Amino acid sequence: MTEIKQLQPTLFQQFKTILQMDSLSHAYLFSGGFASFEMALFLAQSRFCDNLQNKLPCGVCRSCRLISQGEFSDVKLIVPNGNVIKTDTIRTLIKEFSQSGFEGKSQVFIIKDCEKMHVNAANSLLKVIEDPQSSVLIILLTNDENQVLATIKSRTQIFRFPKNQLYLENEAEQKGFLKSQAYLLASVAKDKSDLERLMANKQSLTLINECQEFVDLLLKNRYQAYLEVSRLVALVGDKPEQDIAYQFLTLLLAKNLSEKKVRKLLEELHHSYDMWRRNVSFQNALEYMVLS
């Protein structure tokens, strides 16, 4: 609970009020991945906690601990199989809606990446959302709200979980990173665990420094920047690392956005990024940018 209060203070206060007023709905759509799963578990705990504190879960009782560990029988987590949540998976889930819970009368179903539900699966779930037959709480999680069926969105209460940039920056600064470094790491991190992974990777600082050197050369001498490309390429072996490098370069250039030359470079960098996404190699895309 303490972590959610720090990560999403406004949303925590809203749900605290909802729980204390006994006005929890039966179906929610959480858009955004920053502490949305943690909030879903928190709401699940509120249904089964053995020692509610002012209608909020204690977080330490048997039920709360089992839920946080994913081992509570009446809290089901559905995740995609590959890149899709199949219709049969949702139909099996629906059969369980009509059954009473093992631990109590309630059940909680959390569906991650709900936008990946097959359209037939989504339509099957929609019928249950419209007319629930038992005491059930359905929480849908998505990082791409635009891909969720409009009918699903219209029949669920939507809460959006924006990234808490300031929290992540403070976390990085407390770990000893400079303010400028903390800003860059927090900007590319998706959530707290992603930030921790970046901070633990010693190469992150090396990549930041190399990206800064590349940007400085771009602004001064394109020929030298061209020679620097190979050094930058050597630091990023796979697509995720290359994507982070593009994000660092964009953020570093954007610090001088008032300059016309910088705005032109950002356009060229964006074009280079598009080329890379279309499977042009990272090195070729960057060299094309420099030469252009």
Side-chain angles (χ1 to χ4, degrees), residues 1-8 11-12 15-16 18-19 24-53 55-118 121-122 124-125 128-129 132 134-144 148 156 159 161 189-197 200:
M1 179 164 58
T2 301
E3 186 176 47
I4 302 175
K5 288 167 76 172
Q6 294 175 332
L7 296 173
Q8 294 289 359
L11 287 171
F12 176 81
F15 276 107
K16 176 182 177 182
I18 288 170
L19 291 173
L24 195 67
S25 179
H26 72 283
Y28 290 96
L29 174 64
F30 289 173
S31 177
F34 200 86
S36 58
F37 180 62
E38 289 80 358
M39 183 66 81
L41 292 181
F42 175 73
L43 296 183
Q45 289 173 332
S46 74
R47 284 288 185 98
F48 302 102
C49 179
D50 303 319
N51 187 27
L52 287 172
Q53 307 290 316
K55 299 188 177 181
L56 301 181
C58 68
V60 296
C61 69
R62 170 187 173 273
S63 296
C64 285
R65 284 186 285 107
L66 288 175
I67 290 170
S68 66
Q69 295 163 6
E71 297 176 357
F72 196 78
S73 56
D74 289 335
V75 177
K76 300 288 195 309
L77 174 64
I78 307 299
V79 298
N81 181 8
N83 202 39
V84 67
I85 299 176
K86 297 180 179 179
T87 304
D88 286 345
T89 302
I90 297 301
R91 286 176 178 166
T92 300
L93 190 68
I94 291 171
K95 289 180 182 178
E96 297 184 23
F97 287 163
S98 59
Q99 303 170 5
S100 59
F102 292 100
E103 302 277 349
K105 295 181 179 179
S106 185
Q107 291 176 293
V108 177
F109 298 93
I110 302 170
I111 303 178
K112 275 190 171 182
D113 298 324
C114 70
E115 76 280 0
K116 294 181 180 179
M117 283 190 291
H118 188 279
S124 296
L125 183 65
V128 178
I129 293 175
S134 60
S135 179
V136 62
L137 171 61
I138 304 170
I139 304 175
L140 308 175
L141 309 179
T142 182
N143 283 317
D144 192 352
V148 179
T156 55
F159 283 83
F161 287 72
K190 299 179 181 67
D191 51 34
K192 185 179 178 182
S193 62
D194 197 28
L195 175 67
E196 290 172 349
R197 180 186 61 80

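Counting begins at 1 with the first residue of the sequence. What's counted below: heavy atoms across the whole structure, side chains too, no hydrogens, waters or symmetry copies. This is a predicted model, so every value here is computed, not measured.
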Quick one: sort the F42 and F12 rings into parallel, tilted or perpendicular, breaks at 30° and 60°.
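Ring orientation of F42 relative to F12: tilted.
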Minimum-distance pair of heavy atoms, taken over all atoms of [X] and [Y]:
X: L56; Y: K16; value: CD1-CG, 3.9 Å
X: F72; Y: S63; value: CE1-OG, 3.6 Å
X: I129; Y: H26; value: O-NE2, 2.6 Å
X: I67; Y: A44; value: CD1-O, 3.8 Å
X: S36; Y: L141; value: O-CD2, 4.1 Å
X: P57; Y: C49; value: CA-SG, 3.8 Å

Under the side chain to side chain contact (heavy atoms under 4.5 Å, CB included) rule, what do L66 and F48 come out as? Steps first, then yes or no, please.
CA-CA 10 Å; L66 288 175; F48 302 102; over 6 Å; no
For the aromatic rings, using the six-membered ring if either is Trp, is the centroid distance between F109 and Y28 under 6.0 Å?
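Centroid separation for F109 and Y28: 6.0 Å or greater.
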Cation over ring face, K112 and F37, 6.0 Å, 45°:
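That pair qualifies as a cation-pi contact.
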Counting only heavy atoms not in K192 (residues, nucleotides, ligands), do more than 12 fall under 6.0 Å from its NZ?
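Enclosed.
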Not counting sequence neighbours, which residues clear side-chain hydrogen bond (donor to acceptor under 3.5 Å, both in side chains) with K55? List them please.
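In terms of side-chain hydrogen bond (donor to acceptor under 3.5 Å, both in side chains), with neighbours along the sequence ignored, K55 is linked to D22.
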Between the side chains of S193 and D191, is a donor N or O closer than 3.5 angstrom to an acceptor N or O?
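Note: S193 and D191 side chains meet the donor-acceptor criterion.
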